[in-house]
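Worksheet: one structure, shown below.
In each ligand, atom 1 is the first atom listed, and ligand 1 is the first ligand listed. Computation of the quantities below employed the complete heavy-atom set of this structure, encompassing side-chain atoms and omitting hydrogens, waters and symmetry-equivalent molecules.
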Amino acid sequence: MKPRIRSPGFFLQDAHFTRSLVGPQRQHATSCPPSAQLSPASPVSRQWLRLTLVTITAAGVGGYIKWTQDAKAGSTTLNPVRFTSYELVSREPVSTTGSLFTIKPPKSDGSNLAIYEEAWNTGIWSVMFKQPQLQIGRDYTPLPPTSDTEGDVCLRFFIRKDPFGEVSRYLHSLKIGARIEVRGPRIECEIPLETETVIFVAGGTGIAPALQAGHTLLRRTNQVNKPRIHILWANRQRQDCVGGRNESTDAAAEVRPSWLSRIFGSKPDRSYALTKVGDTVESSLIVREIETLKAQYPEQVTVQYFVDEESSFIGKRSIWDCTKSAESSSSGKGNRNLILVSGPEGFIGYMAGPKIWAQGMELQGPLQGIIKELDLQNWAVWKL
Ligand SMILES: Cc1cc2nc3c(=O)[nH]c(=O)nc-3n(C[C@H](O)[C@H](O)[C@H](O)COP(=O)(O)OP(=O)(O)OC[C@H]3O[C@@H](n4cnc5c(N)ncnc54)[C@H](O)[C@@H]3O)c2cc1C
């Protein structure tokens with residue numbers, strides 16, 4: 001008989017079984033050559049083989065069950081690699097076009113808080129929601145925790161319903177209690193620690209990252225540092241920002257020197273007195289969030305509302321005014337001022353030029369649009 005080739009892994013077992021076979025082998029020594037002692041044909045080695053196979057199979061089945069259980073259970077903590085299954089807790093309409101979504105992670109043990117906290121400390125961040133039927137994902141921006149939800153494991157989002165959009169339509173169709181697959185966080189823009197002033201030019205749901213910027217920047221307030229944020233928020237309809245009040249007044253617009261009008265051309269930036277202080281209208285949820293931020297950090301937050309249907313648009317003049325106001329109250333040290341632009345593609349393009357795609361990546365592209373025309377010095381510009 002040919003000698004059997006055995007893997008080293010089996011050798012010790014074979015030696016053990018060989019020892020236990022000494023007695024019977026001797027009985028059949030002449031009719032049974034030594035090599036046959038380990039032959040699968042012998043009853044004892046058949047038993048060994050069965051045992052080995054059972055052990056391997058059991059280990060394999062056990063491993064497979066654990067793997068499928070893990071896969072089913074999924075991740076319980078928000079992470080950028082695997083989707084985590086959150087639960088839709090509530091969806092409140094903000095206007096006819098958008099809603100406030102609140103989602104909860106699978107475990108409420110606080111394991112997510114450190115992850116959120118690191119993102120909040122860094123700057124503007126987003127997460128991706130998956131549409132499971134089509135296997136596509138879209139990015140959404142968590143709203144800052146309010147004083148009521150501080151330390152809460154839930155995340156909140158302001159999501160516009162695009163009647164022809166795949167994921168936003170899917171999200172608006174979900175029932176309360178449904179599962180939403182979420183991956184992240186992804187840092188969209190870091191806000192450097194030394195930043196003194198942020199001017200945030202937001203269009204529509206671009207207000208969500210503006211609120212994030214406010215949260216990150218203003219929580220750095222201390223006795224020495226009093227950073228400031230000025231938000232310019234444009235919406236198509238009044239209902240999207242109902243209750244929003246501008247600090248500036250018509251009078252302020254009127255006292256503008258005539259040389260400014262020459263620089264800025266004839267199109268008026270009428271953001272003024274859309275809703276005057278004292279008007280009694282119920283504010284939209286997002287306006288209430290803005291008011292909360294303002295109340296928390298008095299004199300560090302200003303907001304101007306612009307509404308397309310009321311023919312008020314963010315123009316060069318509004319941005320210019322903000323920069324001049326910021327420069328007059330800043331420390332005078334350069335490179336501490338940031339202009340952030342967020343909103344639909346066309347909005348970003350008009351304000352600061354389009355972002356571009358190269359080598360499979362989205363890049364900032366050159367500064368263009370009305371912000372370039374202002375030729376601002378000492379202002380870094382970032383398109384979101
Ligand atoms: C970093 C980041 C953060 C964001 N945060 C938010 C947020 O907080 N809230 C929010 O509401 N949005 C946010 N967005 C936008 C969001 O990711 C989605 O783009 C948005 O919800 C639309 O996705 P959708 O799948 O519903 O629409 P899509 O299916 O992508 O369609 C978008 C629009 O394009 C049109 N369209 C699609 N395909 C074609 C085609 N072939 N030809 C012509 N038109 C077409 C559709 O009709 C629709 O009007 C964010 C985006 C980014 C990048």
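The parts of Val167 lying near ligand 1 are both backbone and side chain, judged by heavy-atom distances below 4.0 Å. Counting heavy atoms closer than 4.0 Å to ligand 1, residue Phe158 contributes backbone atoms (N, CA, C, O) but none from C-beta onward. Residue Glu188 touches ligand 1 through its side chain alone, judged by heavy-atom distances below 4.0 Å. Contact annotation: for Asp139 versus ligand 1, heavy atoms closer than 4.0 Å belong to both the backbone and the side chain.
Between Glu291 and Arg288, no side-chain nitrogen of the basic residue sits less than 4.0 Å from a carboxylate oxygen of the acidic one, so the salt-bridge criterion is not met. Between Glu194 and Arg336 there is no salt bridge, since no side-chain nitrogen of the basic residue lies less than 4.0 Å from a carboxylate oxygen of the acidic one.
Between Gln212 and Thr141, the closest side-chain pair of non-hydrogen atoms falls below 4.5 Å.
There is a protein heavy atom closer than 4.0 angstrom to atom 50 (C) of ligand 1. For atom 39 (C) of ligand 1, the nearest protein heavy atom lies 4.0 Å away or farther. Counting protein heavy atoms under 4.0 angstrom from atom 30 (O) of ligand 1 gives one or more. The nearest protein heavy atom to atom 34 (O) of ligand 1 is not closer than 4.0 Å. Under the 4.0 Å distance rule, the nearest protein heavy atom to atom 6 (C) of ligand 1 falls inside the cut-off. Counting only heavy atoms, the protein never gets under 4.0 Å from atom 43 (C) of ligand 1. For atom 9 (N) of ligand 1, the nearest protein heavy atom lies under 4.0 Å away. Within the 4.0 angstrom cut-off, atom 26 (O) of ligand 1 has one or more protein heavy-atom neighbours.
For Phe158 and Phe101, the gap between ring centers reaches or exceeds 6.0 Å.
An N or O contact shorter than 3.5 Å links Arg138 to ligand 1 by distance.
Shown in contact with Gly165 at under 4.0 Å from a heavy atom are these atoms of ligand 1, numbered in order with element: 24 (P), 26 (O), 27 (O), 28 (P), 29 (O), 31 (O). Those atoms of ligand 1 with a heavy atom of Ser168 less than 4.0 angstrom away are 21 (O), 24 (P), 26 (O). Of all atoms in ligand 1, numbered sequentially from 1 with element shown, those under 4.0 Å from a heavy atom of Thr205 are 9 (N), 10 (C), 11 (O), 12 (N). Ligand 1 places these atoms under 4.0 Å from at least one heavy atom of Asp162: 32 (C), 33 (C), 48 (C), 49 (O).
Among protein heavy atoms, atom 22 (C) of ligand 1 sits closest to Tyr140 OH, 4.4 Å. The shortest contact between atom 3 (C) of ligand 1 and any protein heavy atom is with Thr141 OG1, 3.3 Å.
Trp379 and Glu327 are linked by a side-chain donor-acceptor pair at a separation below 3.5 angstrom, with hydrogens and angles left out of the test. One side chain, Asn121 or Arg219, offers a donor N or O that lies under 3.5 Å from an acceptor on the other.
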